[in-house]
Chemist: 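My questions will all concern the structure given below.
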Amino acid sequence: PYARLDAALREKVAKRLVHACALLGGRLEMRAPWSRQYVHNHMPTILVALYAGTLAVLREGSVQRARADSQLHMEQMLAVLRHVTDGSSHEGVGYGTYTTRSVFLFAYLLERHSGKDYFQ
């Protein structure tokens, strides 16, 4: 679908992605309430959206910090989750599966784009 867009529309989409990534990255830096907790349903979903957005506009230097910050926060969350050996979630099954889906997607994206294996 992206390949079918004309150059003007691609540029417009890229500008919006850069703006959205800068906004989320800025909130991550400002320590928004959701960025202070490593394990809850919003954190991995927001981080995977931020990381995917930065991958889409990788050529923009302004998103590099947001990409690195999202990767750092996810790695910190994975470090916390390594201590959960029974698969439980303090948020219950519904939120636990929601969170897990984003964690796996993010781990896959990180492995694919950074070469680091997060599934061991």
Side-chain angles (χ1 to χ4, degrees):
Y2 186 73
R4 294 181 185 157
L5 300 178
D6 61 34
L9 191 52
R10 281 187 190 181
E11 188 62 32
K12 186 177 182 179
V13 169
K15 283 182 181 179
R16 286 189 181 192
L17 278 171
V18 168
H19 176 72
C21 290
L23 183 65
L24 276 177
R27 288 187 179 162
L28 195 61
E29 281 182 23
M30 291 185 323
R31 307 296 291 172
W34 53 262
S35 71
R36 289 187 212 124
Q37 302 168 346
Y38 291 119
V39 184
H40 69 91
N41 63 320
H42 299 293
M43 187 62 157
T45 305
I46 291 169
L47 289 176
V48 78
L50 178 58
Y51 192 77
T54 60
L55 288 175
V57 288
L58 204 53
R59 61 189 164 87
E60 299 291 334
S62 60
V63 299
Q64 294 304 319
R65 177 153 182 180
R67 180 177 181 220
D69 287 347
S70 67
Q71 184 172 347
L72 175 67
H73 278 269
M74 183 58 80
E75 287 177 345
Q76 291 170 340
M77 185 176 66
L78 289 173
V80 170
L81 289 175
R82 281 192 187 98
H83 297 287
V84 180
T85 57
D86 63 356
S88 64
S89 170
H90 70 287
E91 294 185 316
V93 175
Y95 287 116
T97 56
Y98 173 79
T99 302
T100 303
R101 193 172 28 231
S102 294
V103 169
F104 275 102
L105 178 58
F106 201 104
Y108 169 75
L109 286 173
L110 285 174
E111 181 180 22
R112 183 171 180 187
H113 294 281
S114 72
K116 197 169 177 183
D117 184 12
Y118 291 91
F119 291 103
Q120 38 180 329

Chemist: How long is the straight-line distance from CZ of F106 back to OG1 of T45, given to the nearest 0.5 Å?
Modeler: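 The distance works out to 11.0 Å.
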
Chemist: Rounded to the nearest 0.5 Å, what separation is found between the CD atom of Q71 and the CG atom of L109?
Modeler: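 Reported value, rounded in 0.5 Å steps: 10.5 Å.
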
Chemist: Which distance, rounded to the nearest 0.5 Å, do you find between the CD1 of I46 and the NE2 of H73?
Modeler: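 NE2 of H73 is found 11.5 Å from CD1 of I46.
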
Chemist: To check you understand the geometry: which heavy-atom pair defines the closest contact between S70 and L50, and what is its length?
Modeler: CB-CD2, 3.7 Å

Chemist: What are the two closest heavy atoms between V103 and P44, and how far apart are they?
Modeler: CG2-CB, 3.8 Å

Chemist: Cluster question for you: counting only ILVMFWY and a side-chain heavy-atom cut-off of under 4.5 Å, with indirect links fine, are F104 and Y108 together?
Modeler: yes

Chemist: When rounded to the nearest 0.5 angstrom, what is the spacing between CG in L47 and CG in L110?
Modeler: 9.5 Å

Chemist: Kindly indicate, with the supporting measurements, whether the criterion side chain to side chain contact (heavy atoms under 4.5 Å, CB included) is fulfilled by Y51 and H113.
Modeler: CA-CA 10 Å; Y51 192 77; H113 294 281; 3.7 Å; yes

Chemist: Out of curiosity, R4 CZ to L9 CG, how far, rounded to the nearest 0.5 Å?
Modeler: 13.5 Å

